[in-house]
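Treat the numbers as computed from the prediction; the structure is a model and nothing was measured. Residue numbers begin at 1 in each chain, while the letters A, B, ... track the order of the sequences.
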Amino acid sequence: MARSVWKGPYVHPSLLKKADAARSGGKNVIIRTYSRSSTILPSFVGLTFAVYNGQKFIPVLVTDTMIGHKFGEFAPTRNYYGHGADKKAKK
Amino acid sequence: MNDGQEKPAASDKDAPTGKRIVVAETAGAHGVRGAMKLRIFAEDPALVAHKDGVFLSEDPTDMRRVFLTLKNAHKDGMWLVSMQGVTSPEAIKAMGRTRFYLDRDSLPALQDGVDEFYYHDLEGLRVFMDDNGAKGEEIGQVLSVRNYGGGDLLYIRRRNGEEFYHVFSAATVPVVDVKGGFVTIIELEIL
């Protein structure tokens, strides 16, 4: 069953505090979190989170297309590495 | 055939490497006319139908090659292809699980002036801390490049054996020197 609309999206309170601190600090920081079920809010865009996958923290650079998704979606707990034949990384 | 288009100029990022990379592997026969199911690892499936063919070995001295033709997309992200000279499903089955390779230098040239790199060019580079734009202390080596949907990540092994992910962006990886074999990184403060 879907979450009730009146509650709003779930975000762990500590994550909101850390995001506020990161934005007000103005520095390039990474926010560590174990809260994989927290929803990505519009105010998180541009921040970098390190989401725990049970073993390691996976950095997630939040973009506007991620809004509404959960952090856990970007830190898989099971890995298939595959082959990146002609995959390109862009800075 | 000259189609009148100029080939993009190769940059330093495309210096000859002599490496071969795996582009596809067989996933079985399809139908009775010798079509093959192929699992393609490239973003551009047309790479497996390279005009010079694809190699059967990762060893750069082994020149055995085959010519593949793409037919159409199949389920589960696979493609149906035909191989020159093969017309029966038995011949495909006899090949077992075969991988096909392409020379790194056959890949399309990367654009100059754009900070874009092939994943396998970044693998194995030495990692240094950034020291105000210069190379600082060496901390380890890039094991691989991964992307789980949250941007490209360098997977780095420190000299003490610890492994970690590092965001691949202009702010966190200021220098990438593929020719020189190193990258410099800026570690972010953890909140």
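Of all the listed residues (A/Ile30, A/Ile58, A/Val60), the one sharing the greatest number of non-hydrogen pairs under 4.5 Å with chain B is A/Ile30. Of all the listed residues (B/Ala42, B/Ala24, B/Ala170, B/Ser144), the one sharing the greatest number of non-hydrogen pairs under 4.5 Å with chain A is B/Ala42. Highest contact tally toward chain B, considering only A/Gly25, A/Pro76, A/Ala75, is held by A/Pro76 [criterion: heavy-atom pairs under 4.5 Å].
Within residues 35-54 of chain A, the residues having any heavy atom closer than 4.5 Å to a heavy atom of chain B are A/Thr48, listed by residue number. Scanning residues 16-23 of chain A against chain B with a 4.5 Å heavy-atom cutoff picks out A/Lys18, A/Ala21, A/Ala22, ordered by number.
Nearest approach of B/Leu122 to A/Ala89, heavy atoms of both residues: CD1-CB, 4.0 Å. The nearest pair of heavy atoms linking A/Met66 to B/Gly149 is CE-O, 3.3 Å. In plain terms, the two heavy atoms of A/Phe57 and B/Tyr165 that are nearest each other are O-CD1, 3.8 Å. B/Tyr148 approaches A/Phe74 most closely through the heavy-atom pair CB-O, 3.5 Å. Nearest heavy-atom pair across B/Ala171 and A/Asn28 is CB-ND2, 3.7 Å.
Transitive grouping of hydrophobic side chains (ILVMFWY, heavy atoms separated by less than 4.5 Å) brings B/Phe168 and B/Phe164 into a common cluster. Transitive grouping of hydrophobic side chains (ILVMFWY, heavy atoms separated by less than 4.5 Å) keeps A/Leu61 and B/Val183 in distinct clusters. There is no path of hydrophobic side-chain contacts, each under 4.5 Å, that joins B/Tyr155 to B/Leu188. Placement of B/Ile156 and B/Met129 within a single hydrophobic cluster is found when ILVMFWY residues are connected by side-chain heavy-atom separations under 4.5 Å, directly or transitively. Under a hydrophobic-cluster definition in which Ile, Leu, Val, Met, Phe, Trp and Tyr are linked whenever side-chain heavy atoms come within less than 4.5 Å, directly or via other members, B/Ile186 and B/Val127 are assigned to different clusters.
Within a 6.0 Å radius of NZ in A/Lys70, more than 12 heavy atoms belonging to other residues, nucleotides or ligands are found. With a 6.0 Å radius and a threshold of 12 heavy atoms from other residues, nucleotides or ligands, B/Glu162 has its CD atom above the threshold.
Between A/Lys88 and B/Phe117, the closest side-chain pair of non-hydrogen atoms is not below 4.5 Å.
For residues 25-37 of chain B, the pairs satisfying side-chain hydrogen bond (donor to acceptor under 3.5 Å, both in side chains) are B/Glu25-B/Arg39, B/Glu25-B/Arg97, B/Glu25-B/Arg99, with sequence neighbours left out.
Scanning for side-chain contact (heavy atoms from CB on, under 4.5 Å) contacts around B/Pro89 gives B/Ala29, with sequence neighbours left out.
The contact between B/Leu153 and chain A is made entirely by side chain atoms (from C-beta outward), counting heavy-atom distances below 4.5 Å. With a 4.5 angstrom heavy-atom cutoff, B/Glu163 touches chain A via backbone and side-chain atoms both.
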